[in-house]
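To start, the structure itself, in structure tokens.
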Amino acid sequence: MYFTILCCYLLYRLIQRLLEWRRQWCMIEKLPGPELENTFIGNIKETVVAPEDVPKESIRRFKTWGGIYRTWILGYPFVFISDAKYAEVFFTAKAVETKADIYRFLHVWVGLGLLNSRGETWQRRRKMIAPAFHFSALSDFCQVFINNTLTLVQQLRKNRDGTPVEVFSKMRLLALDNICEIAMGFKVDALNNPNHDYIRAVEDVSHMVMQRIVKPWYWNDLIFFLLPEGRKHWRDLNTIFELTDKAISNGKQKRTNKNSKISKEPDSKLEEDDDVGRKKSAFIDILLQASETDSIKLTDEDLRDEVNTFMFGGFDTAANSMSFTLFLLGLHPEIQEKCYQELYDIFQDSDRRPTMGDLQKMTYLEKVIRESLRLFPSVPMLGREVTQDVQLGDYIIPKNSLLALPVYTLHRDPTVFPDPDKFDPERFNPEEAAGRHPYAYVPFAAGPRHCIGQKFALLEEKVTLSYILRDFTLESEHGMEDLELMFTLVVRSRKPLNVRFKRRKHCQQSES
Ligand code: HEM
């Protein structure tokens, strides 16, 4: 009897799936795309390529099929869009709000923090977190960027024989120092102490998240966490959580007894004063304060998720962008010189610290950063699940399809960015940018779920790059053609990004 009911139920589900599949098929097959290789596996052989082949393959498909095309993988339709008019729907339609399954590999680290939360929870959290990115908070954070950049510059100065520096690993350490101090109030001093347990754990966890995306045998949680790699992943996550939890309890203690001295750890301390003697808050303090005034309080788990989201969102993305910008400047001495002239107009030969006003004047440097993010968007591909049928131009995309937006390809559309592989910051001159479709350039995403850390990241990059350019000239060891880009959650170069930092003459003279 039970067996019959079970069989009927399974048959019903099978028929339901077949009908849905037929409906999807009729709608999806109107889109251009490769011929179906196999009814069951679909176009898996053509679509799933090694991470290092994705950038080239993505451009090739765009040239072959245009700004919208479909492929099938294991019976599921995937729709790829690289046209600004479709990107607008991607970022604004309610039917395309749900993040793609790929984000689940992050759950163990960032839980349901801002990046992964949805609906009302997301709306409330976004409102609660927004003050952490307001001007006054950002100018506090700026002091942290400056102090850590000075440590980096000191290290680069010691490299007197001009040995090339692998910028990606350096910028990761700098970005980690910035984000740990700002998110949690802890100084981990990764630049001087790259083997710190927490630093190693963050590095290893983010590496493993990327590995899980590209290795299907890591996809199932149950199997993965039984493997030695999975068990190590857990241990690393626990190392991260220990420090986050300590930051939360320190933050709470600080709020309940504002005048009491905060206990100092041997390898970490809470930063209380900035350089002008004003009290400064870490992200966690701002969250705790917001949670006290909000009708729905954040639990310790919510706080942990938000701090870890802040850490994840703000570390690799910014490090990547700074690294590619240094690399591009090292390949384009004339653009580098223009940046230096802008900085010279602001600072002359002085080595004073930049003010927020100075940073706002660095308009050419900002164009350089934006152009670098066009060529190498830190988040190269975005994915959403379609939860209701949605209209994309002449096509209707059925629910339960996956919509992918390769930002990398969108940014290289030659009809929007002529000579798209050329590094040309002038593209961001106001008059050139004015006529452009608002969704043609989206390194920080767009619409309601755009990156909350955009201003934070631009400020961090301006501080670091301006200090470096005031002190050094840059020469990249490799050319663009040597890059072996690969897409994981962030864009990476498989080859090291080696750059030579040579002291500017006037800097050497003023020291001697
Ligand atoms: C160059 C640096 C950065 C780039 C290119 C970047 C890019 C992005 C992109 C593309 C998204 C959307 C992801 C999606 O929809 O799937 C995003 C979301 C987000 N980013 Fe960033 N990001 C950067 C820096 C930062 C920083 C510094 C922080 C925090 C300190 C941060 C925190 C976040 C958060 C919390 C979200 C989720 C926002 C939401 O869903 O409401 N990001 N970022």
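Counting starts at 1 for both ligands and their atoms, in listed order.
The aromatic rings of Phe80 and Tyr69 sit parallel to each other, their planes meeting at less than 30°, with 60° as the upper class boundary. Ring planes of Phe224 and His233: perpendicular class, angle over 60° (limits at 30 and 60°). Relative ring orientation between Phe141 and Phe310 is described as perpendicular, the plane-to-plane angle rising above 60° on a 0-90° scale split at 30° and 60°.
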Throw together a table of side-chain donor-acceptor distances under 3.5 angstrom for residues 397-408, partners on residues two or more places apart or in other chains.
{"from": "Asn400", "atom 1": "ND2", "to": "Glu20", "atom 2": "OE2", "distance (Å)": "2.6"}
{"from": "Ser401", "atom 1": "OG", "to": "Pro398", "atom 2": "O", "distance (Å)": "2.6"}

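For ligand 1, the polar-atom distance check finds no N/O of Glu461 at less than 3.5 Å from any of the ligand's N/O atoms. No N or O atom of Ser321 sits closer than 3.5 Å to an N or O atom of ligand 1. Taking only nitrogen or oxygen atoms, main chain and side chain alike, Trp122 reaches within less than 3.5 Å of ligand 1.
In the model, Lys367 has a side-chain atom that pairs as donor or acceptor with a side-chain atom of Asn429 under 3.5 Å.
The side-chain heavy atoms of Tyr441 and Val416, taken from C-beta on, include no pair separated by under 4.5 Å.
The contact set between ligand 1 and Phe456, taken as ligand atoms under 4.0 Å from a residue heavy atom, comprises 27 (C). Within ligand 1, the atoms closer than 4.0 Å to a non-hydrogen atom of Arg126 are 38 (C), 39 (C), 41 (O), numbered from 1 in the order shown.
Aromatic ring centres of His332 and Phe423 lie closer together than 6.0 Å. Residues Tyr340 and Tyr364 keep their aromatic ring centres 6.0 Å or farther apart.
Contact between Phe312 and ligand 1 is absent, with no heavy atom of the residue lying under 4.0 Å from the ligand. Residue-ligand proximity: Tyr103 is placed with a non-hydrogen atom under 4.0 Å from ligand 1.
Contact annotation for Lys99 and ligand 1: only side-chain heavy atoms (C-beta onward) come within less than 4.0 Å of the ligand. Counting heavy atoms closer than 4.0 Å to ligand 1, residue Arg384 contributes side-chain atoms (C-beta onward) but none from N, CA, C or O. At a heavy-atom cutoff of 4.0 Å, ligand 1 is contacted by the side chain of Leu382 but not by its backbone. Under 4.0 angstrom from ligand 1, the non-hydrogen atoms of Val379 all belong to its side chain. The proximity of Cys451 to ligand 1, defined as any non-hydrogen pair under 4.0 Å, involves the side chain as well as the backbone.
Summary of contacts: the protein heavy atom closest to atom 24 (C) of ligand 1 is Thr317 OG1, 3.4 Å.
To the nearest 0.5 angstrom, Leu243 atom CG is 7.0 Å from Cys180 atom SG.
Looking at Ala446, Pro448, Ala445, it is Ala445 that brings a heavy atom closest to atom 11 (C) of ligand 1. If you check each of Pro443, Ala175, Gly447 against atom 7 (C) of ligand 1, the one with the closest non-hydrogen atom is Pro443.
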